[in-house]
Amino acid sequence: MAKNIIISAVKGTREFYPEAMALRNYLHQKVRQASEAFGYQEWDAPYIESLELYAAKSGEELVKKQSFTFEDRGGSQVTLRPELTPSLARMVAKKQRQLAYPVRWWSFGPFWRYERPQKGRSREFFQWNIDMLGPDSPEADAELIAVAAKFMRGVGLAPNLARIYVNNRRLMDAKFDELFISEDMRLAVSNLVDRRSKMKAEAWAKYALEMGLSQTQLDGLIVILENKELWKESEDLVRLFTALEALGVSDYVEFDPNIVRGLLYYTGTVFEAFDLSGGVRRAILGGGRYNNLLADVGGDPLSAVGFAMGDVVVGIVLDENDLLPNFSDSPAPVMMTLFDDNLQIESLKLAAEVREAGINVTMYPKVKNLGKQFKFADKIGAKIALVLGPDEVENAQVAIKSLTSGTQVLVTRAQVPEEIQKMLASD
RNA sequence: GUGGCUGUAGCUCAGCUGGCAGAGCACCUGUCUGUGGAACAGGAUGUCGCGGGUUCGAGCCCCGUCAGCCACCCCA
């Protein structure tokens, strides 16, 4: 028993026990596969940035209230990165004339936000970011959505389980203009739209009127938000859906005028993926087109489209849909038992031989009755146990026991690796 | 940052209007010293999140604090 006081982990941080670490690596691998399938290159930025970097465009909430900011020993205000896009903008701006366009980059790494932790949200999280810089076309937007769909398919999230909802900011702005919703009201109205799914219809309507919309404007807004055919009025969206069809992912994508996204910097296409089973109300991933960011950080104007996905929500969604592989198994499918002290050296040698053949082997550390050793092997998720006892030695054999079927075979030492492979394959 | 719920054995939790801290699972030992997942018998386990207060007496009541969860806010 731990009589000493365990100093607790910093609130909202993540402790990756092996199983959680395996999930993290699994996500990283699936993210890599989806990204590389479309030719994107992996990159990364500093984990600590100066606070100023985020002041330009990240939104006041994120910078002032949700960043881990502190003063370093030299007196500078630094922050643990809360998002990647500003770093991307800077790094691209610095080499803007040297890069080959389109730039296709992806990244998977840690981020920090000083928020109140709850389900699906921690203060430390891993995020997949993927962006294309250069082209400004619906087809480029479609490619990013196709990457997202590729990932979803890759982890087993079929279209009946999760969906990507798409909208276009310019379309919405045009519609807002038709309702005579003024420029300075747009952000508030966007927020209003964003909240619609979370509130009851009456409360939402009341809220809308309170913030200054007229009844006519509200009625018009509802008509817009209910109109699933509205995309046909946008040439960009028509081209987008045509491209998505060609890319073979249209079963994942739906138009939804309610998707607007909170971030300021989106200028065109916006999209968010949601779990349809509804266990988590949070978006699995979200992104869109942001054509002004580079100019905003001091580079030459450059179009961009991209999205981000946090590891926490997708982990929950995959878990709830029973889509996660078993991460608890030992990396070694084989455990070498230890029969008695006299056979210690010979057992080590046998284990080494099997490893030499390319099979991972873990070793039981001390002599104990075989029942206990099998029980341990089973518990760590090994599939096979090797037994080298006096009888086996006498006959120059090794007993190979399958822990899944319980069957056991006796083979010569030279045959051991081959027999193990056979047993693992039939499993 | 605002409001609410929770914190008891390794895990899940029970514990009445304050009166000796419990169950199930897991674990350990044995039946079974060359064969695990079953059964049976036995066994160990707690600063009752932490600090203070009220009381003869606090797991229970009060205050503070930390952590987790939920709804806001915001967003991955």
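Residue numbering restarts at 1 for every chain, and letters A, B, ... go by the order of the sequence lines.
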Using modelled atom types and a 3.5 Å cut-off, is there a donor and acceptor pairing between side-chain atoms of [X] and backbone atoms of [Y]?
X	Y	value
A:Thr79	A:Phe68	yes
A:Gln217	A:Leu179	yes
A:Asn129	A:Ala308	no
A:Ser76	A:Val78	no

Expressed in angstrom and rounded to an integer, what is the separation of [X] atom [atom1] from [N] atom [atom2]?
X	N	atom1	atom2	result
A:Asp391	B:U33	CG	P	17 Å
A:Arg116	B:U2	CZ	P	7 Å
A:Trp112	B:C74	CH2	C1'	20 Å
A:Tyr207	B:C72	OH	P	13 Å
A:Lys375	B:C32	NZ	P	17 Å
A:Phe108	B:A76	CZ	P	16 Å
A:Asp340	B:G34	CG	P	10 Å
A:Lys383	B:G37	NZ	C1'	13 Å

What contact category does [X] fall into here, base, sugar-phosphate, or nothing, at under 4.0 angstrom with non-hydrogen atoms?
X	result
A:Ile284	sugar-phosphate
A:Gly287	nothing
A:Phe376	nothing
A:Asp311	nothing
A:Asn369	nothing
A:Val314	nothing
A:Ser122	base
A:Gly371	sugar-phosphate
A:Glu124	nothing

Is it possible for you to check whether A:Arg123 lies under 6.0 Å from the centre of the six-membered ring of A:Tyr114, through NZ or CZ, and within 45° of that ring's axis?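 Relative to the ring axis of A:Tyr114, which defines the angle, A:Arg123 lies inside both limits.
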Quote, to the nearest angstrom, the [atom1] distance that separates [N] from [M].
N	M	atom1	answer
B:G52	B:G10	P	23 Å
B:G15	B:G51	P	25 Å
B:A71	B:G57	P	43 Å
B:A44	B:C28	C1'	7 Å
B:U47	B:C5	P	27 Å
B:A14	B:C48	C1'	13 Å
B:C70	B:U65	P	23 Å
B:G3	B:C61	C1'	23 Å

Salt bridge or not between A:Arg196 and A:Glu226? Use side-chain N to carboxylate O under 4.0 Å.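 Yes, this pair counts.
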So, A:Asp311 and A:Arg14, do they make that salt bridge, N to O below 4.0 Å?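 Salt bridge present between A:Asp311 and A:Arg14.
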For A:Tyr114 and for A:Leu370, locate the closest nucleotide of RNA chain B by heavy-atom distance; then report the residue assigned to the nucleotide nearer the 5' terminus.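 The residue whose closest nucleotide sits nearer the 5' end is A:Tyr114.
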Assign each of A:Gln408 and A:Phe126 to its nearest nucleotide of RNA chain B by heavy atoms, then name whichever residue's nucleotide is nearer the 5' end.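 Closer to the 5' end of RNA chain B: A:Gln408.
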Kindly write out the residues that satisfy salt bridge (charged side-chain N to carboxylate O under 4.0 Å, His left out) with A:Glu49, not counting sequence neighbours, or none if the list is empty.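 Expected list: A:Arg90.
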Which dot-bracket string describes RNA chain B (Watson-Crick N1-N3 plus N6-O4 or O6-N4, or G-U N1-O2 and O6-N3, all under 3.5 Å; [ ] crossing; | other strand)? (((((((..((((.....[..)))).(((((.......))))).....(((((..]....))))))))))))....
Restricting to pairs with a member in residues 131-144 of chain A, which pass salt bridge (Lys or Arg N to Asp or Glu O under 4.0 Å), not counting sequence neighbours?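 Sorted pair list: A:Arg104-A:Glu143, A:Asp136-A:Arg289, A:Glu139-A:Arg239, A:Asp141-A:Arg289.
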OP1 or OP2 of [N] sitting under 4.0 Å from any side-chain N/O of [X]?
X	N	answer
A:Lys372	B:U35	no
A:Gln66	B:C75	no
A:Lys11	B:A67	yes

[N] base / [X] side chain donor-acceptor hit below 3.5 Å:
X	N	result
A:Arg113	B:A76	yes
A:Glu392	B:G34	yes
A:Glu272	B:A76	no
A:Arg121	B:C74	yes

Nearest-neighbour nucleotide for the A:Gln118 side chain, B:C27, B:C72, B:G34 considered: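 For the A:Gln118 side chain, the nearest candidate turns out to be B:C72.
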Hey, is A:Phe125 doing a stacking thing with B:A76, by the 5.5 Å centroid and 30° angle criteria? yes
Full working for salt bridge (Lys or Arg N to Asp or Glu O under 4.0 Å) between A:Arg169 and A:Asp236: CA-CA 11 Å; A:Arg169 277 261 175 105; A:Asp236 280 359; over 6 Å; no
